[in-house]
Amino acid sequence: MPRSGRGAVGTIDRVQSVREGAPPQEVRFCRAPDGVRIAYARHGTGPPLVVATCWLSHLQFDWESPVWRHFVADLGQVATIIRYDERGYGLSDWEVDDFGLDARVADLEAVVDHAGLDRFALMAMAQGGPVAISYAARHPERVTRLMFYGSYAAAFRDPTPEDLELDATFEQLLKVGWARPDSVFRRVFTSLMIPGATEEQMRWLDELQRVSVSAENAVAARRQRSKENVIGLLPQLDHPTLVLHCRGDRMNDFEEGRFLASNIANSRLVPLESSNHIVLGDEPAWNVIVDEVAGFLEPDRKPEPGRAVVDVAAKLSPRELDVLRLAAEGEDNDAIAERLTLSVRTIERHLHNVYTKLGLHGKSARAAAVSRLLTRA
């Protein structure tokens with residue numbers, strides 16, 4: 001049985017986090033096909049935007065971080081954000097053997113199905129590029145539009161001997177310095193990701209590296225990702241695509257963003273004037289990102305032709321709404337029955353009626369019904 005990530009919440013299915021009056025994020029867990037437990041979070045309002053996660057993430061730590069807080073808070077003002085910790089990272093299971101691309105795509109499939117999403121925008125953050133590209137190629141009907149931030153289609157395109165030597169050096173740094181209590185070795189990666197940051201922000205990113213993943217997982221994941229190359233899938237993509245990339249990015253060169261935009265039909269490149277891989281909240285480039293994302297998602301705020309907006313409350317009986325609201329709070333059928341003083345069989349019948357009225361079926365029907373209730377769509 002895979003072990004939960006450091007800082008995970010045991011068997012609890014929902015976690016509420018509120019910081020300085022911001023809307024809460026809700027953390028849930030789902031299972032990948034190979035049994036690995038994946039943690040994902042939902043927050044914000046607006047059309048759904050799924051984030052194919054970057055190299056380092058910790059759902060709870062990111063929520064509080066001065067390096068990532070503006071990403072989750074500000075983007076949550078323009079979209080309903082669904083983001084997740086990859087296998088081996090953050091609140092997801094850490095005892096993982098397979099860090100390959102197919103397993104990572106399966107994790108994304110599990111998250112969107114468990115979240116009850118039908119169609120959604122998909123954003124690739126950094127090393128999430130190959131995952132997002134693969135998913136969009138396999139499930140083109142579910143992705144409304146694509147975004148890439150500081151990302152790529154191949155970890156190495158025609159690498160030079162110097163590129164390979166540098167990569168081997170980074171791997172050795174991971175092995176010997178990642179888990180050390182001091183941040184001397186981790187600061188190398190921090191300096192590459194946010195060279196324009198304050199000392200406080202750098203310390204936060206130093207600590208994120210330590211708490212988000214073990215040295216063993218960091219090395220194993222990096223080795224697998226260095227082999228990933230999905231350039232051959234780019235001609236299959238015809239979704240509206242937005243590519244955001246910093247001109248001075250030291251982790252993933254700006255040329256990678258240009259390459260994506262020039263090889264995906266119906267795409268647009270927005271260069272960001274920053275030397276940081278992670279654009280910080282006080283940079284002018286951050287306002288550009290928020291404006292671009294908000295404008296790009298605007299078509300998703302309107303019903304698609306032939307897809308009427310569903311008023312869940314109008315379709316369901318008062319008792320069915322009571323049952324669905326409790327399901328949205330994370331209660332199982334036994335708990336719902338106890339709270340409403342009904343039998344479990346009666347709860348099951350009400351839920352069956354809910355799914356039928358909303359046109360839902362299959363394993364994801366419950367999650368989809370909850371999602372429609374929460375989004376009123």
Side chains of [X] and [Y]: does their closest heavy-atom pair fall under 4.5 Å?
X: Val290; Y: Gln77; answer: no
X: Leu269; Y: Phe254; answer: yes
X: Asn266; Y: Thr241; answer: no
X: Ser267; Y: Leu260; answer: no
X: His245; Y: Asn252; answer: yes
X: Glu26; Y: His43; answer: no
X: Phe189; Y: Leu205; answer: no
X: Leu146; Y: Pro240; answer: no

With His277 via ring-ring contact (aromatic ring centres under 6.0 Å, His included) - residues at least two apart
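Residues passing ring-ring contact (aromatic ring centres under 6.0 Å, His included) with His277: none at all.
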Checking Tyr40 now: which residues fulfil ring-ring contact (aromatic ring centres under 6.0 Å, His included) with it, not counting sequence neighbours?
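Counting only residues at least two positions away or on another chain, Tyr40 forms a ring-ring contact (aromatic ring centres under 6.0 Å, His included) with His114.
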Closest approach of [X] and [Y], non-hydrogen atoms and distance?
X: Ile81; Y: Leu75; result: CD1-O, 3.8 Å
X: Ile231; Y: Ala154; result: CD1-CB, 3.9 Å
X: Gly35; Y: Asp93; result: O-OD2, 4.3 Å
X: Leu280; Y: Ala197; result: CD1-CA, 3.6 Å
X: Arg87; Y: Ala32; result: NH2-CB, 3.6 Å
X: Asn229; Y: Phe156; result: ND2-O, 4.4 Å

When you group the ILVMFWY residues by side-chain heavy-atom contacts below 4.5 Å and let the links chain together, are [Y] and [X] in the same group?
X: Trp178; Y: Val211; result: yes
X: Ile336; Y: Val344; result: no
X: Val219; Y: Leu166; result: yes
X: Leu192; Y: Trp68; result: yes
X: Met125; Y: Tyr152; result: no

Would you say [X] has more than 12 foreign heavy atoms packed within less than 6.0 Å of its [atom1]?
X: Glu338; atom1: CD; result: no
X: Glu165; atom1: CD; result: no
X: Asn263; atom1: CG; result: yes

Arg223 to Phe99 six-membered ring, cation-pi geometry met (6.0 Å, 45°):
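Checked: cation-pi criterion not met.
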Quick check, are the ring centers of Trp63 and His58 under 6.0 angstrom apart?
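No; His58 has its ring centre 6.0 Å or more from that of Trp63.
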Using the ring centroid of each side chain, check whether Tyr84 and Phe29 are separated by less than 6.0 Å.
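Between Phe29 and Tyr84, which both carry aromatic rings, the centre distance is not below 6.0 Å.
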Salt bridge flag under 4.0 Å for residues [X] and [Y]:
X: Glu292; Y: Arg268; value: yes
X: Asp322; Y: Arg339; value: no
X: Arg145; Y: Asp300; value: yes
X: Glu207; Y: Arg210; value: yes
X: Glu320; Y: Lys357; value: yes
X: Arg104; Y: Asp107; value: no
X: Arg258; Y: Glu256; value: no
X: Arg225; Y: Glu228; value: no
X: Asp62; Y: Arg69; value: no
X: Lys175; Y: Glu171; value: yes

Could you check Phe71 against Tyr149 for ring pair (Phe, Tyr, Trp, His ring centres under 6.0 Å), going step by step and ending with a plain yes or no?
CA-CA 12 Å; Phe71 270 85; Tyr149 171 81; 5.7 Å; yes
Using 30° and 60° as the class limits, which term best fits the ring planes of Trp204 and Phe61: parallel, tilted or perpendicular?
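Answer is tilted, since the angle falls between 30° and 60°.
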Could you go through the side chain to side chain contact (heavy atoms under 4.5 Å, CB included) check for Arg203 and Glu200 one step at a time?
CA-CA 5 Å; Arg203 285 198 301 268; Glu200 179 196 9; 4.1 Å; yes
If we count only N and O atoms by modelled type, under 3.5 Å, do the side chains of [X] and [Y] hold a donor and an acceptor together?
X: Arg186; Y: Gln209; result: no
X: Asn353; Y: Thr356; result: no
X: Glu86; Y: Thr53; result: no
X: Arg366; Y: Asn333; result: yes

Judged by atom type as modelled, is there a donor-acceptor pair below 3.5 Å linking the side chain of [X] to the main-chain atoms of [Y]?
X: His239; Y: Leu122; answer: no
X: Thr80; Y: Gly46; answer: yes
X: Gln201; Y: Thr198; answer: yes

Should Leu244 and Phe148 be marked as a side chain to side chain contact (heavy atoms under 4.5 Å, CB included) after you check the CA-CA gap, both sets of side-chain angles, and the distance that decides it?
CA-CA 6 Å; Leu244 301 160; Phe148 296 90; over 6 Å; no
With Val323, the side-chain contact (heavy atoms from CB on, under 4.5 Å) member among Ile347, Val354, Leu316:
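Only one of Ile347, Val354, Leu316 forms a side-chain contact (heavy atoms from CB on, under 4.5 Å) with Val323, namely Ile347.
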Quick one, Leu49 with Phe120, criterion side chain to side chain contact (heavy atoms under 4.5 Å, CB included). Give me CA distance, side-chain angles, the key distance, then yes/no.
CA-CA 6 Å; Leu49 172 60; Phe120 52 89; over 6 Å; no
Show your working on side chain to side chain contact (heavy atoms under 4.5 Å, CB included) between Ile38 and Asp85 and close with a plain yes or no.
CA-CA 7 Å; Ile38 303 298; Asp85 286 333; over 6 Å; no
Start with the C-alpha distance between Glu298 and Arg301, add both sets of side-chain angles, then the distance that settles salt bridge (Lys or Arg N to Asp or Glu O under 4.0 Å), and finish with yes or no.
CA-CA 5 Å; Glu298 188 60 32; Arg301 299 180 190 281; 3.1 Å; yes
Nearest-0.5 Å distance, [atom1] of residue [X] to [atom2] of residue [Y]:
X: Thr169; Y: Glu162; atom1: OG1; atom2: CD; answer: 11.5 Å
X: Thr190; Y: Asp206; atom1: OG1; atom2: CG; answer: 4.0 Å
X: Leu297; Y: Thr144; atom1: CG; atom2: OG1; answer: 7.5 Å

Name the atoms and distances for all side-chain donor-acceptor pairs under 3.5 Å in residues 134-141, with sequence neighbours left out.
{"unit_1": "Ser134", "atom_1": "OG", "unit_2": "Pro130", "atom_2": "O", "d": "2.8"}
{"unit_1": "Arg138", "atom_1": "NH2", "unit_2": "Asp102", "atom_2": "OD1", "d": "2.8"}
{"unit_1": "His139", "atom_1": "NE2", "unit_2": "Glu109", "atom_2": "OE2", "d": "2.7"}

